[in-house]
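For reference, the structure discussed in these notes is given below.
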Amino acid sequence: MNIKLKDGSIREFAPPTTVKDIFFEISPNLGRAAVAGLLNGEVVDLRTAIEDDAELLALTTEDEGGMKAYRHTASHIMAQAVKRLFPKAKLAIGPAIDNGFYYDFDVEKPFTPDDLEKIEKEMKNIVSANYEISRFELPKDEAIKFMQDKGEIYKVELINDLPEGSVISFYEQDDFVDLCAGPHLLKTGSKKFQFKLLSIAGAYWRGSEDNKMLQRIYATCFEKKEELDKYITRLEEAKKRDHRKLGKELEIFALLEQGAGFPFFLPNGMIIKNALIDYWREVHTKAGYVEISTPIILNRELWETSGHWSYYKENMYTTVIDEEDYAVKPMNCPGGMLAYKIKPHSYKELPIKMGELGLVHRHEMSGALHGLMRVRSFTQDDAHIFMLPEQIKDEIKNVIHLIDEVYKTFGFQYHLELSTRPEKSIGSLEDWETSTQALKEALDEEGLDYVINEGDGAFYGPKIDFHLEDCIGRTWQCGTIQLDFQLPERFELEYIGSDGQKHRPIMIHRVAFGSIERFIGILIEHFAGSFPVWLSPVQAKVLTITDRCNEYASEVVESLKAAGIRAEIDDRSEKIGFKIREARNQRVPYIAVIGDMEVENKNLNVRIRGQKDSVSMTIDELARKITLVSETREIF
RNA sequence: GCCAAUGUAGCUCAGUCGGCAGAGCAGCAGUUUCGUAAACUGCAGGUCAGGGGUUCGAUCCCCCUCAUUGGCUCCA
């Protein structure tokens, strides 16, 4: 395990043997440093133990394991506070999570925001009291009885599920005892906890909607006040960038109650959407794709062939017309399969890359809808690639390159995940093996890092997912490359090989944006509304200082428009400061101001977004600059 | 779908312990002609999400519906 030392350097660390044994016994799941553990039968602060070791200087809580112990101890403190205030509350689980922790409770009445304040206050009392935290173990039957006596039915269920003979540990602070694998800090006030209760939410017991819904309290927790503040500032920053807020302000899209989950795209939004589509076509044409368009509505027979009618029906919009069942497409694939089948294909044609910007509709659960990120109708930038088995690796590489090129255009960082065969799957083990191997080799040969998610693939084939990282560190799964063993079978796709025999092609689905609507949502947040020039709904705005300049200003706008630039005039009789404020709020990248001086000199005073000082230039200079920045899709 | 909260003017939000509904911004009409992030005056704008109930009277209390928001993956 690696330890971060006081001087910031990282070094390998073998825990002292006496600590090591217990250390891993206490926190088998962490596998990394904890802040507290057992040493010679006693709970100790491991950091002290480590500091005592001549070779080791410090184990910082920047180490994830350490932070986990903090957060988990904080969750116990919260549980204790809740038990004090609501003695009837039953405890479920309370793990540490990214940036904080939560605890699930079964309470008669759901918590209110007022309760949160009270709980937080009580937690602070517990921290101030600085209770010792001690650990004890019980055999399974006694552990069950212990929790039964306390009426903690959820804990009893948890213990029941633990394997026979396993060590069942409890942590106790003051009069509060909780079943827990640890690790924890030594005292409830070992360090002043920097926490803040964030929200109340319903959550099913063990995540299953068949179970009772419990009340979950989410909280954030850090070691240092500055870290907590930083995290809260980040949440606020994310809120400012929220695409739902900016989408409304910048008139990009609208969500109306007449169509929950069906976004309306407004003129500004359509400029962005069309610019993305133009770009998409440019990139795909260059990469040898052809484009098709398949119908939105198709009959039941097709969806039975594809399997959607039996497996996906509850998410599809269906209707009966002339006594025949129809469904609105939730995916483009079945139509794409039919398009391939329209004529016989020779091996010489493969690979065939058929792209489709397909509008799909899915009946998502009402509670899952979220702005443009989770909608019920969206455009997938889909493509199906039909190929020979020996073409898999190269084609995967081509797709990886293409998606990489697309993401770089927006300045996105991303990471890759490879998902392998799940337990329930179709296709022969041999097919899975060769195709998973092809995906791996493609990634390895490109020298790419990736995470492997064993058993996380689709039932019909392995896949590579692209997870975008936006500028405030959140990740979004967008691109995906999926092999599919199912549809070519179901649709009996064929090609004629060099042997004159019929063979089944290998097929992949892939998307780069994923959903154009969602991608726009991500772009809004990534750029905080300040889109690159090529996507900006208004690229240049011409502002007049007095009415005397209106005529010249109109000429300027006309010549910018003639150069293919999206330009607008603001010749209202308002003060220049006011007009500039509005143009800036609209995130217009080039603001040209025209007063008597500019009319006389036949030039412009231009403010470029993100630059402090304005510059003088001619109309031609501005037009050339915008055209260049737009064509190169520069980001600024 | 489930739990909870929310829904008042185009936007952001006050308000009514049940008695004719408010502000700022935006809009419109004037005035102002101004040099880099908010000029001034006036006008207009609402079946208080929709439906039902209780009441002399409901935007407010109760019920239903719709929509929105935070969650429903993190396993003692």
Side-chain angles (χ1 to χ4, degrees), chain A residues 28-29 68 71-72 75-76 79 91-104 106-107 109-113 115 143 147 152 154-162 166-171 177-182 198-218 239 242 244-245 248-249 251 254-261 314-315 363-371 456 543-550 571-586 591-598 605-607 612-614:
Chain A
N29 306 324
K68 210 162 176 172
R71 290 175 178 150
H72 197 51
S75 91
H76 276 221
L91 305 176
I93 58 166
I97 54 173
D98 291 346
N99 302 312
F101 60 93
Y102 69 77
Y103 212 114
D104 286 347
D106 184 0
V107 280
K109 263 196 260 167
F111 295 117
T112 66
D115 294 336
M147 277 303 171
E152 297 290 358
Y154 299 98
K155 298 292 180 187
V156 172
E157 193 179 325
L158 289 169
I159 299 170
N160 261 319
D161 286 355
L162 292 174
S166 55
V167 174
I168 297 172
S169 58
F170 292 86
Y171 281 79
V177 185
D178 198 359
L179 169 74
C180 184
L198 295 177
S199 60
I200 312 157
Y204 296 107
W205 167 236
R206 299 197 144 177
S208 164
E209 52 188 301
D210 300 329
N211 290 336
K212 182 162 184 185
M213 180 151 281
L214 308 174
Q215 289 293 308
R216 175 173 296 181
I217 300 178
Y218 278 97
K239 216 172 182 176
D242 192 317
R244 293 167 300 186
K245 178 177 175 288
K248 189 187 263 185
E249 276 174 22
E251 296 179 18
L255 285 158
L256 307 180
E257 65 177 80
Q258 287 84 347
E314 66 214 42
N315 280 317
H363 185 75
E364 298 291 348
M365 288 195 297
S366 58
L369 302 178
H370 179 93
D456 222 24
L543 318 182
T544 55
I545 291 177
T546 76
D547 291 348
R548 290 188 298 278
C549 320
N550 289 359
D571 57 4
R572 293 173 302 169
S573 63
E574 295 287 350
K575 288 195 170 179
I576 193 65
F578 178 81
K579 296 188 192 181
I580 285 184
R581 184 186 141 82
E582 284 205 342
R584 287 183 58 120
N585 284 341
Q586 282 176 55
I591 300 171
V593 174
I594 295 178
D596 292 337
M597 254 160 59
E598 284 71 27
N605 183 272
V606 181
R607 284 176 68 127
K612 221 172 149 192
D613 300 316
S614 60

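Below, chain A is the first sequence line, B the second, and so on; all start at residue 1.
- In this structure, A:Asp571 CG and A:Thr544 OG1 are separated by 5.5 Å, a value rounded to the nearest 0.5 Å.
- Distance A:Asp115 CG to B:A4 P: 14 Å, rounded to the nearest Å.
- Rounded to whole angstrom, the span from the NZ atom of A:Lys212 across to the C1' atom of B:A4 amounts to 15 Å.
- The distance from atom CD of A:Glu157 to atom CG of A:Asn211, rounded to the nearest 0.5 Å, is 7.0 Å.
- A:Arg216 forms a cation-pi arrangement with A:Tyr102, by the criterion of a distance under 6.0 Å to the ring centre and an angle within 45° of the ring axis.
- Comparing B:G15 with B:A21, their C1' atoms are spaced 8 Å from each other, to the whole Å.
- Nucleotide B:C75 holds its C1' atom 16 Å from the CG atom of A:Asn160, rounded to whole Å.
- Formation of a donor-acceptor pair under 3.5 Å by the A:Lys579 side chain with backbone atoms of A:Arg572 is found in this model.
- B:A23 and B:G45 have their C1' atoms separated by 14 Å, with the value rounded to a whole Å.
- Here the CZ atom belonging to A:Arg607 is positioned 9.5 Å from the CG atom belonging to A:Leu543, to the nearest 0.5 angstrom.
- Distance noted for atom C1' between B:C40 and B:U33: 14 Å (whole Å).
- Between the C1' atoms of B:G22 and B:U8, the separation comes to 10 Å (whole Å).
- Taking CG of A:Asn605 as the reference point, atom CD1 of A:Ile591 lies at 11.0 Å (rounded to 0.5 Å).
- OP1 or OP2 of B:C34 sits under 4.0 Å from a side-chain N or O of A:Arg548.
- In this structure, A:Arg206 and A:Leu158 have side chains that are in contact, with non-hydrogen atoms separated by less than 4.5 Å.
- Backbone-only engagement by A:Lys248 is indicated by non-hydrogen atom pairs under 4.0 Å involving sugar-phosphate atoms exclusively.
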Report summary line: 5' to 3', nucleotides 36-44 of chain B under a 4.0 Å protein heavy-atom cut-off (B base, S sugar-phosphate only, - none) gives BBBB-----

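- Between A:Asp115 and A:Lys109 there is no salt bridge, since none of the side-chain N atoms of the basic residue sits less than 4.0 Å from a carboxylate O of the acidic one.
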Report summary line: Whether each nucleotide of nucleotides 65-72 of chain B has a protein heavy atom under 4.0 Å at its base (B), only at its sugar-phosphate (S) or at neither (-) is summarised, 5' to 3', as -SSSSBBB

Query raised in the report: Reading RNA chain B 5' to 3', what string of ( ), [ ], | and . shows its pairs, if Watson-Crick and G-U wobble pairs count only when both distances fall under 3.5 Å?
Result: (((((((..((((.....[..)))).(((((.......))))).....(((((..]....))))))))))))....

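- In this entry the distance linking CG of A:Leu214 with P of B:C74 reads 12 Å, nearest Å.
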